[in-house]
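Following: one structure in structure tokens, then a few remarks.
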Amino acid sequence: MNLEATAKETFRYNASLFNGQNRSVIYELQTTVPPGWSNSFRIDGMQVTSFKLDSNKTQDISIELTPSPVVKPGKYAIPVKAISDQGTLELNLEAVVKGSYSLELTTPSGLLSDEVTEGRRKPIYLSLKNQGTLPLDNLDLSAQTPSKWNVTFEPSKIDHLEPGSAVAVTANLNVPDKTIAGDYLTTFTANNANTTSSVSYRLTVTTSWLAGWLGVLIILTAIGIVYMLIRKYGRR
């Protein structure tokens, strides 16, 4: 019995056991799976490890195998046994794990927001991880930014990323001068021909202290001019 699936799927086999004895028999179900795998047996939807089967009766059994998250693609032999006082019945299963592509783009801390002063450059630290079972090649990095913003990546491209491995990426985001204070959203994307992953990052733009003081100075100057005009022409 052969099934194919990815490492993120559960292998489900349907089997049946016939009791040809002239009496009821209790069967214990066992299997040997590779390290990191898990298994279960179900009868009529209920998980069991043993059951009683009457004489000349047949029982359908569902066998579920869950691969290890880090399993490598390949063919795996899974022996299943039904053990009773009459001996052991054995069924040989085969699970063919297909390779899968999966990519995760996030930040090392998991935080997806920060602050930046207008007219400044903000380095944003990202983490790119291969969550699949196949290597990823030629990963491109891009960003969707607010108008007139720009971003550069270090490194600008990932040539190769093995399964389970991660690489650090720095996105240098340049915020233009005179950007209005407020919240802005930037979406970072990593992708190749087989998979893609995106993450949205919120930046709160604040006004620089120099611009703030300049605004205060302009207001005070305007008030002073109005006051002088009132003193000068108010007496006439």
What do the steps show when you test L128 against T106 for side chain to side chain contact (heavy atoms under 4.5 Å, CB included), and what is the final call?
CA-CA 7 Å; L128 191 59; T106 185; over 6 Å; no

Donor-acceptor pairs under 3.5 Å, side chain of residues 164-177 to any protein atom, not counting sequence neighbours: which ones?
unit_1 : atom_1 : unit_2 : atom_2 : d
S165   : OG     : E162   : N      : 3.2
S165   : OG     : E162   : O      : 2.5
N172   : ND2    : E154   : OE2    : 3.2
N174   : ND2    : N150   : OD1    : 2.8

Rounded distance (nearest 0.5 Å) linking atom CG of L161 with atom CG of L103:
7.5 Å

No-hydrogen, no-angle side-chain donor-acceptor test under 3.5 Å, K8 and S102:
yes

Please indicate whether Y125 has more than 12 foreign heavy atoms, meaning atoms of other residues, nucleotides or ligands, lying under 6.0 Å from its OH.
no

Partners passing side chain to side chain donor-acceptor pair (under 3.5 Å) against E9 (at least two apart in sequence or in another chain)
T6

Might you point out which heavy atoms bring K157 and L139 nearest each other, and give the distance in Å?
CG-O, 3.3 Å

What's the spacing between Q131 CD and E104 CD if we round to 0.5 Å?
4.5 Å

Main chain of Y27, side chain of S84: is a donor-acceptor contact present, judged purely on distance under 3.5 Å?
no

So Y76 and V71, side chain to side chain contact (heavy atoms under 4.5 Å, CB included) or not? Walk me through it.
CA-CA 10 Å; Y76 296 85; V71 66; 3.3 Å; yes

Could you note down all residue pairs passing ring-ring contact (aromatic ring centres under 6.0 Å, His included) where residues 87-119 supplies at least one of them, sequence neighbours left out?
none

Is T107 reaching over with its side chain to a backbone N or O of G110, donor-acceptor style, under 3.5 angstrom?
yes

Show me the side-chain donor-acceptor pairs of residues 31-44 shorter than 3.5 Å, one per line, residues at least two apart or across chains.
unit_1 : atom_1 : unit_2 : atom_2 : d
T31    : OG1    : P79    : O      : 2.8
R42    : NH1    : G45    : O      : 3.3

Sequence neighbours excluded - ring-ring contact (aromatic ring centres under 6.0 Å, His included) pairs with any residue from residues 148-190
W149-Y184

What side-chain donor-acceptor pairs closer than 3.5 Å can you find for residues 54-68, not counting sequence neighbours?
unit_1 : atom_1 : unit_2 : atom_2 : d
D54    : OD1    : S24    : OG     : 3.0
S55    : OG     : Q21    : O      : 2.5
S68    : OG     : V70    : N      : 3.3

S197 side chain to L105 backbone, donor-acceptor under 3.5 Å
yes

